[in-house]
Amino acid sequence: MAPRFNFLLHAFLCLALATTSFSLSPKFYDNLCPQALPAIKRIVEAAVHREPRMGASLLRLHFHDCFVNGCDGSLLLDSTSAFETEKNARGNFNSVRGFEVVDQIKAEVDRVCGRPVVSCADILAVAARDSVLALGGPRWKVRLGRRDSTTASRALADSVLPSASMDLPALISNFKNQGLNTRDLVALSGGHTIGLPQCVIFRNRIYNATNIDPAFAKERRATCPRTGGNTNLAPFDPTPARFDTAYFKNLVKERGLLTSDQALFSGGSTDKLVETYSKNLDAFWVDFGKSMIKMGNIKPLTGNQGQIRVNCRKVN
């Protein structure tokens with residue numbers, strides 16, 4: 001019986017190891033390739049310096065990647081005969097950008113590391129943090145060790161990415177489905193303190209909403225006509241190149257640009273937290289960092305799962 005028991009125990013341990021997900025760690029590349037993170041930081045800083053909006057674009061890539069089956073780099077994959085790219089999903093089409101910067105980062109980290117050891121999923125997580133830093137925002141320790149998916153799902157992206165027209169209950173439910181709570185929702189929405197959305201996303205609010213400052217609506221209508229001008233850009237707040245609390249100050253004044261922005265300050269359960277963040281930069285920064293770490297931990301592929309892509313746009 002003893003040999004049989006030992007065999008079964010060995011088989012069980014092998015199965016347990018195969019199915020256990022290794023926990024992510026900020027030190028993952030310390031020995032594997034210590035040059036990797038400085039290389040990412042250099043390229044992100046240069047890209048954001050050239051075009052401050054790129055910081056928001058890179059932050060958004062990580063967010064839209066994590067919400068669709070976890071932080072696995074699936075958003076970066078182009079269409080194949082096996083699947084349609086997530087770039088074509090409603091929340092992404094003609095709006096997600098920054099892929100060329102990701103390609104540039106990938107080429108450089110593979111060069112300095114001597115081989116492909118840094119996943120595209122990890123590149124997105126680090127680039128998001130470094131973008132926020134480059135625009136004067138907080139630093140947090142990015143947990144690393146993600147691996148890349150071998151597939152993507154436009155259909156899943158269509159169903160799970162939050163929409164700009166969502167009200168507060170829909171937003172809370174959407175984030176809860178990802179294991180994120182109401183505080184995470186408000187803190188992560190604060191990422192809108194940087195960047196410039198397109199007219200087509202906020203047109204309905206500036207022409208039809210009742211909970212909007214009339215002067216603000218008029219100001220936004222000047223560059224976003226009722227018809228045409230879909231891709232015209234406008235800032236979420238007066239300082240789109242600075243990671244500050246102006247976004248929350250806007251919400252308190254009913255100057256939220258998207259319906260989903262103003263939903264956070266509309267007489268509901270999140271009003272108090274919006275007010276806190278509007279007055280307390282440190283509180284916002286601390287919570288934003290915590291929520292980014294939490295979001296970055298959504299269903300990562302680790303250990304022997306997935307792969308380390310050679311080209312972020314296609315499966316090896």
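Around atom CZ of Phe93, no more than 12 heavy atoms belonging to other residues, nucleotides or ligands sit under 6.0 Å away. Residue-environment remark: CZ (Arg97) exceeds the threshold of 12 foreign heavy atoms within 6.0 Å. Atom CZ of Arg143 sits in a sparse spot, with 12 or fewer heavy atoms from other residues, nucleotides or ligands closer than 6.0 Å. In the displayed structure, Lys294 atom NZ is contacted under 6.0 Å by more than 12 heavy atoms of other residues, nucleotides or ligands. Shown here is Asn316, whose CG atom has more than 12 heavy atoms of other residues, nucleotides or ligands within 6.0 Å.
A donor-acceptor contact under 3.5 angstrom links the side chains of Ser165 and Ser163, judged on distance only. Looking only at atom types and distance, the side chain of Thr193 has a donor-acceptor partner in the side chain of Asp244 under 3.5 Å away. No side-chain N or O of Asn311 forms a donor-acceptor pair with one of Lys106 less than 3.5 Å apart. Under 3.5 Å, the side chains of Asn92 and Arg60 contain no donor-acceptor pair of N or O atoms. Side-chain atoms of Lys272 and Thr276 include no donor-acceptor pair closer than 3.5 Å. Side-chain contact, Arg203 with Asn208: no donor N or O sits under 3.5 Å from an acceptor N or O.
Following chains of ILVMFWY side-chain contacts shorter than 4.5 Å, one cannot reach Leu77 starting from Ile123, and the two form parts of different hydrophobic clusters. Leu24 and Leu37 end up in different hydrophobic clusters when Ile, Leu, Val, Met, Phe, Trp and Tyr side chains are linked at under 4.5 Å. The same ILVMFWY cluster, assembled from side-chain heavy atoms under 4.5 Å apart, contains both Leu32 and Val118. A single hydrophobic cluster is seen to contain both Val186 and Ile293, as judged by linkage of ILVMFWY side chains at heavy-atom distances under 4.5 Å, directly or through other members. Hydrophobic clustering (side-chain heavy atoms under 4.5 Å, transitive across Ile, Leu, Val, Met, Phe, Trp, Tyr) groups Leu168 together with Met166.
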Determine whether Phe236 and Phe202 satisfy the following criterion, ring pair (Phe, Tyr, Trp, His ring centres under 6.0 Å), listing intermediate values before the conclusion. CA-CA 10 Å; Phe236 283 106; Phe202 59 84; 8.4 Å; no
Could you go step by step and tell me if Asn177 and Val160 meet the side-chain contact (heavy atoms from CB on, under 4.5 Å) rule?
CA-CA 9 Å; Asn177 289 339; Val160 301; over 6 Å; no
Arg146 and Asp122: salt bridge (Lys or Arg N to Asp or Glu O under 4.0 Å), yes or no, with the steps? CA-CA 6 Å; Arg146 298 170 192 80; Asp122 274 352; 2.7 Å; yes
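Under the 3.5 Å distance criterion, the side-chain polar atoms of Arg221 are matched with a main-chain donor or acceptor of Ile206. Between the side chain of Ser153 and the backbone N or O of Leu156, at least one donor-acceptor pair lies under 3.5 Å. Of the possible polar contacts, none joining the Glu86 side chain to the Ala89 backbone as a donor-acceptor pair under 3.5 Å is found. A donor-acceptor distance shorter than 3.5 angstrom exists from the side chain of Arg147 to the backbone of Gln305, with no hydrogens or angles considered. Side-chain N or O atoms of Asp148 include one that pairs as donor or acceptor with a backbone N or O of Ala121 at under 3.5 Å.
Taking 4.5 Å as the limit, some side-chain heavy atom of Arg129 sits within range of a side-chain heavy atom of Leu133. For the pair Pro225 and Asn232, the minimum side-chain heavy-atom distance is below 4.5 Å. Arg220 places none of its side-chain heavy atoms less than 4.5 Å from the side chain of Cys199.
Ion pairing between a basic and an acidic side chain is recognised when a charged N comes within 4.0 Å of a carboxylate O; Asp213 and Lys253 show no such pairing. Using a 4.0 Å cut-off between charged side-chain N and carboxylate O, Arg111 and Glu108 make a salt bridge. A salt bridge links Arg313 with Asp103; the closest basic N to acidic carboxylate O contact falls under 4.0 Å. With respect to the salt-bridge test (charged N to carboxylate O, under 4.0 angstrom), the residues Arg183 and Asp287 qualify. Under a 4.0 Å N-O distance rule, the pair Asp78/Lys87 qualifies as a salt bridge.
Between His192 and Tyr247, the two ring planes are perpendicular [angle over 60°; tilted spans 30° to 60°]. Ring orientation note: the planes of Phe284 and Tyr277 are tilted relative to one another, at an angle of 30° to 60°.
For the pair Lys279 and Phe248, the cation does not sit on the ring face, since its NZ or CZ is not both under 6.0 Å from the ring centre and inside 45° of the axis.
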